[in-house]
Protein chains: 2
Amino acid sequence: MSKKTSDAQNSDTTVKQTRERLLEKAEMLFAQKGFHAIGVRDITSAARCNMASVNYHFSNKMNLYLEVFRSRWIPRERLMYEAFETKVDSMTDPTPEQIIQALAKAYLEGPLTDEEFGRHRQLIVRELNNPTEAFELVADQTLRPLFKKLYGLLENVAGDNLNDANLSFDIMSIFGIILYFNYSRPMISRVTGKPYDADFKARLIEHVVRFSLYGMSSRSMCAPAS
Amino acid sequence: MSKKTSDAQNSDTTVKQTRERLLEKAEMLFAQKGFHAIGVRDITSAARCNMASVNYHFSNKMNLYLEVFRSRWIPRERLMYEAFETKVDSMTDPTPEQIIQALAKAYLEGPLTDEEFGRHRQLIVRELNNPTEAFELVADQTLRPLFKKLYGLLENVAGDNLNDANLSFDIMSIFGIILYFNYSRPMISRVTGKPYDADFKARLIEHVVRFSLYGMSSRSMCAPAS
DNA sequence: AGTTATTTCAAACAGTCGTTTAAAAGTCAA
DNA sequence: TTGACTTTTAAACGACTGTTTGAAATAACT
């Protein structure tokens, strides 16, 4: 494999072009149709390179798929996590409302474009229902840290006598709503008959925050300020 | 195709055996691994019949997949819907709590076995993210009717001045939580480290009802009785 | 019984799959 | 320019895909 001149990662554009194009197109296509529905030929012809390049750069198709997660998906998820973390860490004693608001904004609007976001969510939803090796990566490196972070934030503000399994349920429910409103866009559009546009998204975040906040506060005493 | 003697559907066991076995195994395998990951040979060898039977009885693989939805998935979904409907229709002026409780029980416990339930949810989650023709069937025949029913029930008990788009959001959120707690079982088990057993499920329903109820009631005045 | 229609089957079809090969092209230092 | 390397390429590999074929088996009716 790539021995080349040095350990530099971004220096030599020529060398990485093909590899990078492959990753980009592979992500796009895997997100759209899934691992099994996409062939190596689909990817290489989209990346305008030879078919053997996949095996040269990634040794096989599955490893290309995993590399999409390693080098693209997880860094992007971290981007959203950090958008949430820096916001919430800049506050002193954030209220549940502030925490949930920051979470919903980071993961429903987020620092990503709509297109990036779409691919990003499609990939993870596939993994959630069809776990491969990639799921291990995602769970360990993004899902669990986010869950821990939320738990830490909310157990401080929630009733101290109630920091039990119920908080886990609440966090999972908030998780669930946010995830759901992303992964089931086609269903939502179809069932309601309304488009998933910017206006819809803005009202959506408002709703998610309110719904989650009150849902959560039903257990403890931290009635929302608003 | 099957001209046979008459229009009877259940009379002749011999004739339908192969066809029925194919549908049964096809559903199981499609649910487990998805349409593209499963081959016709996988299905026919699981159903212990010849490969050409798929094309004889269903003309092609995709139509077998669609027939799984037509003759198995949708009737089963109707079973759950009716469990919900009969319960809720037997009440006079049901409260939001009663409605949500009936919904959660019907769709989280439901009249199905755990195994049936698992396959059922796996199939629909695949469709939600990889819509095929089957999605049209499901949306028109089960999703939309359930949504309409919920809307009708809740707009009566909610504040009359608020029967707007917010109610749609609320219903979708309740939808979402229930769906989420089914489709992301592997993630939940992994992130929390706890099993998805009977005890977990019981506390889960309790949680979903409470969370949804208070989330909903944040908007209108129908504070829960409990 | 004989006749007809229905269902099953083994075998082969043409096409696609992921992967490998070995040669050609490109790159860069000496 | 030479020589050692990395990268790209066309072509082919065997295995597997969904589907078709035509004959054999089974069932149903006269």
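Chain identifiers are assigned alphabetically (A, B, ...) following the order of the sequence lines, protein sequences preceding nucleic acid strands; residue numbering begins at 1 within each chain.
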Hits for side-chain hydrogen bond (donor to acceptor under 3.5 Å, both in side chains) against Asn60(B), two or more places apart or cross-chain, chain-then-number order -> none
Throw together a table of side-chain donor-acceptor distances under 3.5 angstrom for residues 99-116 of chain A, partners on residues two or more places apart or in other chains.
from	atom 1	to	atom 2	distance (Å)
Thr113(A)	OG1	Glu116(A)	N	3.1
Asp114(A)	OD1	Lys201(A)	NZ	2.9
Glu116(A)	OE1	Thr113(A)	N	3.4

In whole angstroms, the gap separating C1' of dT8(D) from OH of Tyr56(A) amounts to 9 Å
Separation of dT7(C) atom P from Arg48(B) atom CZ, nearest Å, is 21 Å
| field | Residue-phosphate contact under 4.0 Å: Thr18(A) side-chain N/O, dT8(D) OP1/OP2 | value | yes
Rounded to whole Å, CG of Leu29(A) lies from P of dC17(C) at a distance of 13 Å
To the nearest angstrom, the CZ-P distance between Phe58(B) and dT7(C) comes to 12 Å
Applying side-chain contact (heavy atoms from CB on, under 4.5 Å) to Glu67(B) and not counting sequence neighbours gives Arg19(B), Leu23(B), Phe58(B), Arg70(B), Ser71(B)
Margin query: Tell me whether the rings of Phe211(B) and Phe211(A) are parallel (<30°), tilted (30 to 60°) or perpendicular (>60°).
Written below: tilted
Identify all pairs in which a protein N or O lies below 3.5 Å from an N or O of nucleotides 18-21 of chain C, and state each distance.
from	atom 1	to	atom 2	distance (Å)
dG18(C)	OP1	Ile38(A)	O	3.4
dG18(C)	OP1	Lys61(A)	NZ	2.7
dG18(C)	OP2	Val40(A)	N	2.8
dG18(C)	N7	Arg41(A)	NH1	2.8
dG18(C)	O6	Arg41(A)	NH2	2.7
dT19(C)	OP2	Lys61(A)	N	2.9

Glu20(A) CD to dT7(D) P, in whole Å, measures 13 Å
For Met51(A), the side-chain contact (heavy atoms from CB on, under 4.5 Å) test, sequence neighbours excluded, returns Val40(A), Arg41(A), Thr44(A)
Q.
dT6(C), OP1 or OP2 - any side-chain N/O from His57(B) closer than 4.0 Å?
A. no
Whole-Å distance, Arg19(A) CZ to dT8(D) P, equals 11 Å
Rounded to whole Å, CG of Leu22(A) lies from P of dT9(D) at a distance of 10 Å
List the atom pairs, with distances to 0.1 Å, where a side-chain N or O of residues 24-37 of chain B and a protein N or O form a donor-acceptor pair under 3.5 Å, not counting sequence neighbours.
from	atom 1	to	atom 2	distance (Å)
Glu27(B)	OE1	Arg72(B)	NH1	2.6
Glu27(B)	OE2	Arg76(B)	NH2	2.1

